[in-house]
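Below, chain A is the first sequence line, B the second, and so on; all start at residue 1.
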Amino acid sequence: MLTKHEKELIAKIWDKMIPVASDIGAECLLRMMTTFPGTKTYFAHLDIRPGSPHLRSHGKKIVLAIAECSKDISSMMVTLAPLQTLHAYKLRIDPCNFKLLCHCILVTLAAHMGDEFDPVAHAAMDKYLSAFAAVLAEKYR
Amino acid sequence: MIPILTRTLAKSSRANMVEWTDEERAAISDIFSKLDYDEVGQKCLSRCLIVYPWTQRYFGAFGNLYNAEAIMNNPLIAKHGTTVLRGLERALNNMDDIKNTYAELSVLHSEKLHVDPDNFKLLSDCLTIVIAAKMGTTFTPEYQASFQKFLSVVVSALGKQYH
């Protein structure tokens with residue numbers, strides 16, 4: 001359940017991340033794969049060394065998708081329909097991993113925003129990312 | 001027979017011990033050396049109560065938790081945050097036997113405080129994020145991995161005496 005203020009806060013934060021999407025996205029993925037090595041199994045086809053172009057381009061895709069969706073959170077089900085299909089039928093990433101990436105996104109945001117990532121922003125962002133992950137997993141079964 | 005039995009017993013007790021690399025020990029010590037327990041304790045616990053409001057159920061006697069501002073300014077919460085950090089310091093100082101170091105604390109949380117052990121993970125996630133906010137990008141992915149490994153051992157030890 002997101003308030004109007006929380007939705008605005010979320011949109012504002014992600015808007016700031018768009019110009020640095022590759023950096024932020026790569027860092028989120030790197031944090032996830034370093035902290036939770038099991039997640040590396042989904043990236044066997046990519047070069048996932050720090051700074052690699054694969055990591056940056058893949059990270060950028062993820063950040064831009066999250067940022068795009070944040071501009072109109074109420075329409076999440078519609079905006080994410082193609083990604084739902086992709087994850088359910090092609091990628092088939094176990095949804096428990098979405099939580100791990102969401103956590104690493106929060107850590108990355110905190111590391112870059114410092115005190116600005118206060119408890120209210122954290123709560124709003126956690127709710128948004130949880131909802132995003134839940135919608136992404138909807139077509140799995 | 002006996003040498004096999006001894007080997008098996010030795011192997012199983014080694015299997016229970018957590019192995020730390022030198023890098024992990026160094027990372028965890030370095031992180032703790034940068035923490036003001038009063039500041040981080042207060043931030044971590046208040047953040048947990050705000051981000052995961054159901055955790056407030058354990059703090060009925062702590063006064064005003066009505067909204068985020070009240071929680072962040074609550075002196076009892078701040079004091080308890082310091083207590084939590086001091087507890088973590090005990091784990092830091094006994095990294096090779098966190099399970100036994102925390103045996104009494106685990107009993108306390110289970111039998112007296114009746115805390116659902118799933119909540120320990122929520123608090124540990126908030127602590128990770130508070131530290132990331134404080135250390136910025138010097139909280140590298142390697143530091144994060146080491147620290148989260150430490151916290152997962154702590155969380156597991158705290159849940160050990162629940163029956």
Looking at chain B, which one of A:P37, A:A111, A:A123, A:P50 has the largest number of heavy-atom pairs inside 4.5 Å, strictly under? A:A111
For chain B, which candidate among A:L106, A:L30, A:V107 shows the most heavy-atom pairs at distances under 4.5 Å? A:V107
With a 4.5 angstrom heavy-atom cut-off, is it the side chain or the backbone of [X] that approaches chain A, or both, or neither?
{"X": "B:K43", "value": "side chain"}
{"X": "B:Y52", "value": "side chain"}
{"X": "B:S46", "value": "neither"}
{"X": "B:Q148", "value": "side chain"}

Give the C-alpha distance, both sets of side-chain angles, the deciding distance and a yes or no for salt bridge (charged side-chain N to carboxylate O under 4.0 Å, His left out) between B:R47 and A:D126. CA-CA 12 Å; B:R47 191 171 282 245; A:D126 191 31; over 6 Å; no
Mind running salt bridge (charged side-chain N to carboxylate O under 4.0 Å, His left out) on A:E8 and A:K4 for me, showing each step along the way? CA-CA 6 Å; A:E8 285 166 3; A:K4 181 164 168 282; 3.3 Å; yes
Below 6.0 angstrom between ring centroids: does that apply to A:H58 and A:F43?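 When the ring centroids of A:H58 and A:F43 are compared, they turn out to be within the sub-6.0 Å range.
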So which of [options] has the biggest tally of heavy-atom pairs under 4.5 Å with chain A?
{"options": "B:I50, B:I71, B:I129", "value": "B:I129"}
{"options": "B:A133, B:S146, B:G136", "value": "B:A133"}
{"options": "B:K134, B:M72, B:Q144", "value": "B:Q144"}

Does atom CD of B:E89 have more than 12 heavy-atom neighbours, drawn from other residues, nucleotides or ligands, at distances under 6.0 Å? yes
Should the pair A:F117 and A:H122 be assigned to parallel (<30°), tilted (30 to 60°) or perpendicular (>60°) ring geometry? parallel
Looking at B:Y162 and B:V115, would you say the former's side chain and the latter's main chain have a donor-acceptor pair under 3.5 Å?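 Side chain of B:Y162 to backbone of B:V115: a pair is present.
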Between the main-chain N or O of A:L55 and the side-chain N or O of A:S52, is there a donor-acceptor pair closer than 3.5 Å? yes
